[in-house]
**Q** 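So that we are looking at the same thing, I have put the structure below in structure tokens.
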Amino acid sequence: MNAIRNRLVDGYLRRLDRALRDLPGDRRREIVEEIEEHIDQALAELEAPSEAEVRELIERMGDPEDIAAEARASLGLGPHRPGGLEIAALILLAVGGLIVPFLGWVVGVILLWVSSSWTWREKLIGTLVIPGGLFAAFAAGALGIGLGLPGRAGQLLLVLLVAAPIASVAFLGWRLRRAEPVVG
């Protein structure tokens, strides 16, 4: 039972928490804790709940998106739509360092962290996967870094320095299209 509860209920609570990301952190935690407490109480009333009973209970709780919409409406918040800030962050993360050496990338990182469209983990990926964006590859190529490495290692290093920031920005762009706002 615990495995079923953990898998199904925890998955539901993660979806709920994600749907509530644009609410203030304390309110979001309060809602998730209330729902979790309600689920635990309902499960305690069942003798040995089957997976079907756990699924039914979760369905009765309601769709996480609907719960989030109600909570948003009760706080007078509208849905968040990514916009120019997020687009500027993506562009500057990739090529900002080439436009204004290194500083352009730093501005992109600041915009990334100011935005409410990405999770903390996604922001770390955007910040730490090849800091400097494509500027790092340009600087390494200009300075001949990696060319002295034996065999194809230098070429692979330069390919990595180009591919990693592009992949990071592509990932953030993909997440942006699916994003629900994050607060906190």
**Q** Rounded at 0.5 Å granularity, tell me how far CD1 in Ile67 sits from CD1 in Ile31.
**A** 8.5 Å
**Q** Please report the interatomic distance CG(Leu98) to CG(Leu92), rounded to the nearest 0.5 Å.
**A** 11.0 Å
**Q** Show the nearest heavy-atom pair for residues Met61 and Tyr12, with the distance to one decimal.
**A**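 Here Met61 and Tyr12 meet closest at CB-OH, 3.3 Å.
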**Q** Search all heavy atoms of Ser117 against all heavy atoms of Glu86 and return the closest pair with its distance.
**A** OG-OE2, 3.3 Å
**Q** How far apart are the closest heavy atoms of Ala42 and Leu57, and which atoms are they?
**A**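 That closest heavy-atom pairing would be CB-CD1, 3.5 Å.
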**Q** Any chain of hydrophobic side-chain contacts (each under 4.5 Å) joining Phe171 to Leu161?
**A** yes
**Q** Would the number of heavy atoms belonging to other residues, nucleotides or ligands and lying under 6.0 Å from CD of Glu34 be above 12?
**A** yes
**Q** Arg55: which residues meet the salt bridge (Lys or Arg N to Asp or Glu O under 4.0 Å) condition with it, sequence neighbours left out?
**A** Glu51
**Q** Quick check: do Leu124 and Arg121 have side-chain heavy atoms less than 4.5 Å from each other?
**A**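 Result no, sub-4.5 Å side-chain heavy-atom pair not found.
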**Q** Indicate the atoms forming the closest heavy-atom contact of Ala19 with Pro64, along with that distance.
**A**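 So the minimum-distance heavy-atom pair works out to CB-O, 3.6 Å.
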**Q** Are Val95 and Leu160 co-members of a hydrophobic cluster defined by side-chain heavy atoms under 4.5 Å apart?
**A**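 No: no chain of side-chain contacts under 4.5 Å links Leu160 to Val95.
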**Q** Using the rule given for side-chain contact (heavy atoms from CB on, under 4.5 Å), can you reason through Leu112 versus Leu172, listing the C-alpha separation, both sets of side-chain angles and the distance that settles it, and then say yes or no?
**A** CA-CA 10 Å; Leu112 173 71; Leu172 291 173; 4.0 Å; yes
**Q** State yes or no: do Val100 and Val169 share one hydrophobic cluster built from I, L, V, M, F, W and Y residues joined by side-chain heavy-atom distances below 4.5 Å, directly or via other members?
**A** yes
**Q** Quick check for you: to the nearest 0.5 Å, what is the distance between Glu33 atom CD and Leu13 atom CG?
**A** 10.5 Å
**Q** Rounded at 0.5 Å granularity, tell me how far CG in Asp17 sits from CZ in Arg29.
**A**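 Taking CG in Asp17 and CZ in Arg29, the distance rounds to 9.0 Å.
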**Q** Are Leu43 and Val9 packed together at the side-chain level, in the sense that at least one heavy-atom pair is separated by less than 4.5 angstrom?
**A**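 Contact flag for Leu43/Val9 side chains = yes.
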**Q** Kindly give the heavy-atom pair with the smallest separation between Val162 and Leu134, and that separation in Å.
**A**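 The pair with the smallest heavy-atom distance is O-CD2, 3.6 Å.
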**Q** Apply side-chain contact (heavy atoms from CB on, under 4.5 Å) to the pair Trp113 and Thr127, showing each step before the final yes or no.
**A** CA-CA 9 Å; Trp113 283 90; Thr127 303; 2.7 Å; yes
**Q** Is Ser74 reaching over with its side chain to a backbone N or O of Ala71, donor-acceptor style, under 3.5 angstrom?
**A** yes
**Q** Can you list everything that forms a salt bridge (Lys or Arg N to Asp or Glu O under 4.0 Å) with Arg27? Sequence neighbours excluded, please.
**A**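 If we apply the salt bridge (Lys or Arg N to Asp or Glu O under 4.0 Å) test to Arg27, skipping adjacent residues, the hits are Glu30.
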**Q** Please list all pairs meeting ring pair (Phe, Tyr, Trp, His ring centres under 6.0 Å) that have one or both residues in residues 86-106, counting only residues at least two apart or in different chains.
**A** Phe102-Trp105
**Q** How far does CG of Leu16 sit from CD of Glu65, to the nearest 0.5 angstrom?
**A** 9.5 Å
**Q** What's the spacing between Leu93 CG and Ile166 CD1 if we round to 0.5 Å?
**A**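 Rounded to the nearest 0.5 Å, the CG-CD1 separation comes out at 13.0 Å.
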**Q** Please report the shortest heavy-atom distance between Glu53 and Ala48, naming the atom on each side.
**A** OE1-O, 3.9 Å
